[in-house]
Amino acid sequence: MLFKPKSVRTHFSGLIFFQNYQRNLWVKPSHRYGKYIEEDDDDKDPKLRNTKENQLDHFYLYKSKGQHLLTNTRILDAIVRRSNIKPTDTVLEIGPGTGNLTVKLLEAAEKVVAVEIDKRMVDVLHKRVAENGLQERLNVICKDAMKVEFPQFDLVVANIPYGISSPLIAKLVYGRNPFRSATLLLQKEFARRLLAEPGDSEFNRLAVNVNLVADVEFVMDVSKREFLPCPKVDSSVVIIRPKPELPDVNLNEWRAFTRTCFGKKNKTLGATFKQKKKVMQLLKLAKATSLNKENPPTGNNYECDEYYDGKYEDEDTDGEECFASSTSDLEMNLFKEKIVGILRKSGFEDKRPSKVSNEDLLHLLSLFNQAGIYFHDHVKPNDLGNANAAYLS
């Protein structure tokens, strides 16, 4: 008997059915608290979403909010193992979701502090941890990780929402809480930028500012297929370890300096510092600093007044126009020659920031400061709250 082969159309129908079946799988086989639904363009109405969730005993995972759950047990075990968790450690987890990683952290650590903004996830997390008899070792903070003050912790282990990767890492490495390491699952492209070195095409201000205070180690890549729902890009695991010794530099001065240098990272430093607007800004800061010598920009200061992203920059157009009108061309030209002279004498005039090491940048900043040229307004008070708002706007 001859069997008629299945048509291509039938084959694809089977694939579509299988994919739809996969999408409605439980978040974890042992997890009995509901199925997930991917966010749909038709589901923007909160009332409609709530109705569907109640009717179907489902809850939505929002790709727009970075809600992608890592489900591969082998990878979760590897993350925990590489984190080198001690039985006495308190682990900070940001974005625990439904607890796939949290349960494994609780089995290895003394305590886990989980920061989760989505109350639906918090409810599922509490039930799941209680089911495993680990509820006494879990502390859940249902707040925005970028706005809450973290309690003391020894390690960070987290699959963080991609949208807050940069400000969150800045909050950790420049924050007030000392910690041993942070094992983070990040978007692959972002991780490459974080790991970039001078001369690499990805080298950027993010790598410069993080590497000032921490070392970053690549652990492994993770395919996008290991997440539910599946994101558009692959991920990577990295470990960030704060350096035991920090350079003697004012952090706000350093941050403002690197923002100037990396505004156009492929431009030479000479071209960047010769711009009329930049010369005027630096002359204005030099005059302000000389009038406020009771607040010298020296010594260690590791409380950053804003979380950097390489894009945000204070602008005071009215102040600049007023200052320009009261400054002579001769004064501007003399100050410009002073800047260019430092760059030329130190050999940095024709160098591009994307090819300069942190040690060389620190040396150049020191030369500028010794000559009375500063990059941060030391008269302004630090305001962490407003700085966060400025970063995230």
Notebook entry, point to check: Do the side chain of T289 and the main chain of A286 share a donor and acceptor less than 3.5 angstrom apart?
Noted result: no
Check: If you link I, L, V, M, F, W and Y whenever their side-chain heavy atoms are under 4.5 Å apart, who else ends up in the same group as L330?
Finding: L334
Check: Rounded to the nearest 0.5 Å, how far does CG of D221 lie from NZ of K188?
Finding: 4.0 Å
Next item on the list: Check for a donor-acceptor pair, side chain of E253 on one end and backbone N or O of F375 on the other, with a separation under 3.5 Å.
Entry: yes
Check: What do you reckon, is CD of Q135 surrounded by more than 12 foreign heavy atoms closer than 6.0 Å?
Finding: yes
Checklist line | The single option from I79, I85, V112, L76 passing side-chain contact (heavy atoms from CB on, under 4.5 Å) against K104 | finding: L76
Margin query: Donor-acceptor pair, distance only, cut-off 3.5 Å: does the side chain of N100 make one with the backbone of L70?
Written below: yes
Next item on the list: Describe, in one word, how the ring planes of F368 and F273 are oriented to each other, choosing from parallel (under 30°), tilted (30 to 60°) and perpendicular (over 60°).
Entry: tilted
Next item on the list: Taking all heavy atoms of A114 and all of P96, pick out the closest pair and write down the distance.
Entry: CB-CG, 3.7 Å
Check: Less than 4.5 Å apart, any side-chain heavy atom of F190 and any of S166?
Finding: yes
Checklist line | From CA spacing to verdict: side chain to side chain donor-acceptor pair (under 3.5 Å), K284, Q281 | finding: CA-CA 5 Å; K284 182 180 177 181; Q281 289 174 346; over 6 Å; no
Notebook entry, point to check: Got a donor-acceptor contact below 3.5 angstrom from the R128 side chain to the T98 backbone?
Noted result: yes
Check: Does the side chain of F262 reach to within under 4.5 Å of the side chain of V208, using non-hydrogen atoms?
Finding: yes
Check: Just wondering, do K224 and Q187 contact through their side chains at under 4.5 Å, heavy atoms?
Finding: no
Checklist line | Working for side chain to side chain contact (heavy atoms under 4.5 Å, CB included), residues L194 and E202 | finding: CA-CA 9 Å; L194 197 62; E202 300 92 349; over 6 Å; no
Notebook entry, point to check: Any donor-acceptor pair under 3.5 Å linking the side chain of E116 with the backbone of D118?
Noted result: yes
Checklist line | Backbone of V356 reached by a side-chain donor or acceptor of D360 within 3.5 Å | finding: no
Next item on the list: State, yes or no, whether a side-chain contact exists between Y374 and L365 at a heavy-atom distance under 4.5 Å.
Entry: no
Notebook entry, point to check: What heavy-atom pair brings G99 and L125 nearest, and what distance separates the two atoms?
Noted result: CA-CD1, 3.4 Å
Checklist line | CZ-CD distance between F179 and Q152, expressed to the nearest 0.5 angstrom | finding: 12.0 Å
Item checked: Salt bridge present between E110 and R137 (N-O < 4.0 angstrom) -> no
Notebook entry, point to check: Any donor-acceptor pair under 3.5 Å linking the side chain of R193 with the backbone of N204?
Noted result: no
Check: On the ring face of F348, is K351 found with NZ or CZ under 6.0 Å from the centre and within 45° of the axis?
Finding: yes
Next item on the list: Kindly work out whether a path of hydrophobic side-chain contacts (I/L/V/M/F/W/Y, heavy atoms less than 4.5 Å apart) joins M146 to I117.
Entry: no
Next item on the list: State whether E226 and R74 are salt-bridged, where the test is any N-O pair (Lys NZ or Arg NE/NH1/NH2 against Asp/Glu carboxylate O) under 4.0 Å.
Entry: no
Next item on the list: Check whether any side-chain heavy atom of T183 sits under 4.5 Å from a side-chain heavy atom of L155, and report yes or no.
Entry: no
Note to self: Is it the case that the side chain of N209 and the backbone of A170 share a donor-acceptor pair, with hydrogens and angles ignored and the cut-off at 3.5 Å?
What the structure shows: no
Check: Going by an N to O cut-off under 4.0 Å, is there a salt bridge joining E349 and R344?
Finding: yes
Note to self: Could you measure the distance from the OG atom of S235 to the CD1 atom of I160? Nearest 0.5 Å is fine.
What the structure shows: 10.5 Å
Margin query: Within the structure provided, determine whether M332 and V279 are in side-chain contact (heavy-atom separation under 4.5 Å).
Written below: yes
Next item on the list: Kindly indicate whether the side chain of N211, heavy atoms from C-beta on, has any atom under 4.5 Å from the side chain of E197.
Entry: no
Check: Just by modelled atom types, is the G372 backbone N or O under 3.5 Å from a matching donor or acceptor in the K338 side chain?
Finding: no
Next item on the list: Would you name the heavy atoms of L364 and S346 that are closest together and state the gap between them?
Entry: CD1-OG, 4.1 Å
Check: Which atom names give the shortest non-hydrogen contact between C142 and V122, and what distance separates them?
Finding: SG-CG2, 3.9 Å
Next item on the list: With the side chain counted from C-beta on, respond yes when R241 and I239 share a heavy-atom pair under 4.5 Å apart, and no when they do not.
Entry: yes
Next item on the list: Look at the side-chain heavy atoms of Ile, Leu, Val, Met, Phe, Trp and Tyr, link any pair under 4.5 Å apart, and say whether V340 and L361 land in one connected group.
Entry: no
Item checked: Passing option when R180 is tested against D154, N84, D89 for side chain to side chain donor-acceptor pair (under 3.5 Å) -> D89
Check: Between atom CD1 of I240 and atom CG of D215, what is the distance when rounded to the nearest 0.5 Å?
Finding: 10.5 Å
Margin query: Distance check, rounded to the nearest 0.5 Å: E93 atom CD versus L105 atom CG?
Written below: 5.5 Å
Notebook entry, point to check: Distance-only, no hydrogens or angles: does the R352 side chain make a donor-acceptor pair with backbone N or O of T268 under 3.5 Å?
Noted result: no
Check: Do E149 and N177 pass the side chain to side chain contact (heavy atoms under 4.5 Å, CB included) test, and can you show the C-alpha distance, the side-chain angles, and the key distance before you say yes or no?
Finding: CA-CA 10 Å; E149 184 175 347; N177 290 339; 5.9 Å; no
Next item on the list: Under the side chain to side chain contact (heavy atoms under 4.5 Å, CB included) rule, what do V237 and R82 come out as? Steps first, then yes or no, please.
Entry: CA-CA 10 Å; V237 179; R82 289 300 301 270; over 6 Å; no
Next item on the list: Applying side chain to side chain contact (heavy atoms under 4.5 Å, CB included), run through L269 and C261 and close with a yes or a no.
Entry: CA-CA 7 Å; L269 291 170; C261 294; 3.9 Å; yes
Checklist line | Stacked cation flag K171 on F150, 6.0 angstrom / 45 deg | finding: yes
Notebook entry, point to check: Looking only at heavy atoms, which two atoms of S357 and P198 are closest? And how far apart?
Noted result: CA-CG, 3.8 Å
Notebook entry, point to check: Taking atom NZ of K355 as the centre, does the number of heavy atoms from other residues, nucleotides or ligands within less than 6.0 Å exceed 12?
Noted result: no
Check: Any Lys/Arg nitrogen of K119 or D123 sitting under 4.0 Å from an Asp/Glu carboxylate oxygen of the other?
Finding: yes
Item checked: Where S354 and F203 come nearest, the two heavy atoms and their spacing -> O-CD2, 3.2 Å
Notebook entry, point to check: Could you give the distance from CD1 (I373) to CZ (F257), rounded to the nearest 0.5 Å?
Noted result: 10.5 Å
